[in-house]
*Asks:* 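My structure is below; once you've seen it, I'll send some questions.
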Amino acid sequence: MTDGEPAAAEARTRLRTALEGDPVGAARELLGAVLRHGPVALRVVETEAYDGRVDEASHSFRGETDRTRVMFGPAGRLYVYFSYGMHWAANVSCSEVGHGAAVLLRAGEVIDGVEFARDRRGPRVTDRDLARGPGRLTQALGIDRRHYGADLLAGTEIDGVPLRLEPRTHAPEVATGPRVGISRSVDLPWRFWIPGDRYVSAFRPGQRR
DNA sequence: TGCACGATGGACT
DNA sequence: GTCCATCGTGCAT
């Protein structure tokens with residue numbers, strides 16, 4: 001514990017620096033990081049980068065709106081959006097102020113508070129499926145529009161429940177491939193995951209219509 | 001003011 | 001593998 005404090009401070013600095021940089025580097029650095037909301041903690045195993053400057057699939061590509069505002073603000077804030085009329089998706093804003101970019105958290109392993117996560121997800125959901133997929137991930141953590149804009153690096157309380165992003169303790173292997181479920185800028189290999197990790201989401205080749 | 005369309009998940013064949 | 005529920009958002013009227 002005596003040596004732990006400087007190492008922890010260094011890890012926090014490395015995470016902040018990565019988030020303030022480009023979304024691809026941020027998406028890589030977030031693999032292995034832990035998002036903690038109250039009793040539930042999630043180890044991130046799959047991410048996707050979205051960069052409004054060059055990326056037609058990014059919500060920020062057409063500029064700042066009420067919805068996308070937080071993507072254009074400081075790095076390390078939670079960008080939450082509602083998808084398909086029923087799912088919430090969690091993203092971490094990155095890059096410098098004025099640059100609309102974020103990293104989508106696609107999947108993770110619930111490492112604390114499994115029973116709380118299962119209360120939200122349903123009694124028959126396996127541990128593996130608790131947060132395997134963007135909609136499942138937010139449901140397991142209990143994240144929704146109330147958490148829009150939360151400062152994940154400083155840590156904040158929403159409705160009395162603390163929400164915080166903790167840096168990883170070691171760098172995992174990283175695999176790269178095309179993003180899932182989008183119809184534009186499909187060639188950018190901006191999906192990142194921990195190879196072989198059983199909590200990575202199922203690969204769904206881009207379909208639609 | 002209207003409306004097409006998802007950065008999906010779950011149920012079902 | 002296929003189907004479809006469901007609604008906020010942004011752009012077209």
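Here is the naming used below: chain letters follow the sequence lines, and residue numbers restart at 1 for every chain.
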*Asks:* Rounded to the nearest angstrom, tell me the gap between atom CG in L105(A) and atom P in dT8(B).
*Replies:*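 After rounding, the gap between these two atoms is 14 Å.
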*Asks:* Between R146(A) and D144(A), is the closest basic N to carboxylate O distance under 4.0 Å?
*Replies:*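 Answer for the salt bridge query: yes.
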*Asks:* Just checking R124(A): base, sugar-phosphate only, or nothing, at a heavy-atom cut-off of under 4.0 Å?
*Replies:*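 Nothing, no nucleic acid heavy atom in range.
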*Asks:* With the side chain counted from C-beta on, respond yes when S93(A) and P74(A) share a heavy-atom pair under 4.5 Å apart, and no when they do not.
*Replies:*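 In short, these two side chains do not touch, never coming nearer than 4.5 Å.
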*Asks:* Using atom CG of D51(A) as one end and atom C1' of dA7(B) as the other, report the distance to the nearest whole Å.
*Replies:*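 Checked: the CG to C1' distance equals 15 Å.
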*Asks:* Can you give one letter per nucleotide of nucleotides 7-13 of chain C, 5' to 3': B if a protein heavy atom sits under 4.0 Å from the base, S if only from the sugar-phosphate, - if neither?
*Replies:* BSSSS--
*Asks:* Take the protein atom CZ of R179(A) and the nucleotide atom P of dT8(B), then report the distance between them rounded to whole Å.
*Replies:*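 That distance rounds to 11 Å.
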*Asks:* In whole angstrom, give the distance that lies between atom CG of L137(A) and atom C1' of dA7(B).
*Replies:*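 Between C1' of dA7(B) and CG of L137(A): 13 Å.
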*Asks:* So what is the 5' to 3' dot-bracket string for DNA chain B, if pairs are Watson-Crick or G-U wobble with both distances under 3.5 Å, crossing pairs use [ ] and | means the partner sits on another strand?
*Replies:* ||||||.|||||.
*Asks:* Between atom CZ in R191(A) and atom P in dT8(B), what is the gap in whole Å?
*Replies:*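 Taking atom P of dT8(B) as the reference, CZ of R191(A) is at 11 Å.
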*Asks:* Grab the CZ-C1' distance between R184(A) and dA7(B) for me, whole Å please.
*Replies:*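 Going from CZ in R184(A) over to C1' in dA7(B) covers 11 Å.
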*Asks:* Sub-3.5 Å donor-acceptor pair from the side chain of S58(A) to the main-chain atoms of D55(A), do we have one?
*Replies:*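 Not at all, since once roles are kept as given, no pair shorter than 3.5 Å links the two residues.
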*Asks:* Using a cut-off of less than 4.0 Å, is there contact between a side-chain N or O of R106(A) and OP1 or OP2 of dT8(B)?
*Replies:*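 Answer yes for this pair, as a side-chain N or O of R106(A) is under 4.0 Å from OP1 or OP2.
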*Asks:* Ignoring backbone atoms, test whether R121(A) places a side-chain nitrogen or oxygen under 4.0 Å from the OP1 or OP2 oxygen of dG10(B).
*Replies:*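 So the side chain of R121(A) is within the cut-off, an N or O lying under 4.0 Å from OP1 or OP2 of dG10(B).
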*Asks:* What's A57(A) touching, base or sugar-phosphate or nothing? Going by heavy atoms closer than 4.0 Å.
*Replies:*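 Result for A57(A) = base.
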*Asks:* Answer yes or no: is there a side-chain heavy-atom contact under 4.5 Å between P134(A) and E48(A)?
*Replies:*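 They are not in side-chain contact.
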*Asks:* After noting the C-alpha distance and the side-chain angles of Q139(A) and R121(A), does the key distance pass the side chain to side chain donor-acceptor pair (under 3.5 Å) rule?
*Replies:* CA-CA 7 Å; Q139(A) 194 184 1; R121(A) 292 275 297 121; 3.3 Å; yes
*Asks:* Measure CG/N91(A) against P/dT8(B) and give the value in whole Å, please.
*Replies:*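 From N91(A) CG to dT8(B) P: 11 Å.
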*Asks:* Considering only distance and modelled atom types, tabulate donor-acceptor pairs under 3.5 Å from the side chains of residues 25-44 of chain A, sequence neighbours left out.
*Replies:*
unit_1 : atom_1 : unit_2  : atom_2 : d
E29(A) : OE1    : R168(A) : NH2    : 3.3
E29(A) : OE2    : R14(A)  : NE     : 3.0
R36(A) : NE     : E166(A) : OE2    : 2.8
R36(A) : NH1    : D112(A) : OD2    : 3.0
H37(A) : ND1    : L141(A) : O      : 2.6
H37(A) : NE2    : H147(A) : NE2    : 3.4
R43(A) : NE     : E109(A) : OE1    : 3.0
R43(A) : NH1    : D197(A) : OD2    : 3.1
R43(A) : NH2    : E109(A) : OE1    : 2.8
R43(A) : NH2    : D197(A) : OD2    : 2.8

*Asks:* Taking the side chain as every heavy atom from C-beta outward, state whether Y50(A) and V103(A) have any pair of such atoms under 4.5 Å apart.
*Replies:*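 No. Closest side-chain heavy atoms not under 4.5 Å.
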*Asks:* Y81(A) and H59(A): aromatic ring centres closer than 6.0 Å?
*Replies:*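 Ring-ring flag for Y81(A)/H59(A): true, centres closer than 6.0 Å.
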*Asks:* One thing to verify: whether R16(A) and E10(A) come together as a salt bridge, which I'm taking to mean a side-chain N less than 4.0 angstrom from a carboxylate O.
*Replies:*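 R16(A) and E10(A): not salt-bridged.
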*Asks:* Are R132(A) and dG9(B) close enough that a side-chain N or O sits under 4.0 Å from OP1 or OP2?
*Replies:*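 No, because none of the side-chain N or O atoms of R132(A) sits under 4.0 Å from OP1 or OP2 of dG9(B).
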*Asks:* Rounded to whole Å, how long is the line connecting atom CZ of R128(A) with atom P of dG10(B)?
*Replies:*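 The answer, rounded to whole Å, is 14 Å.
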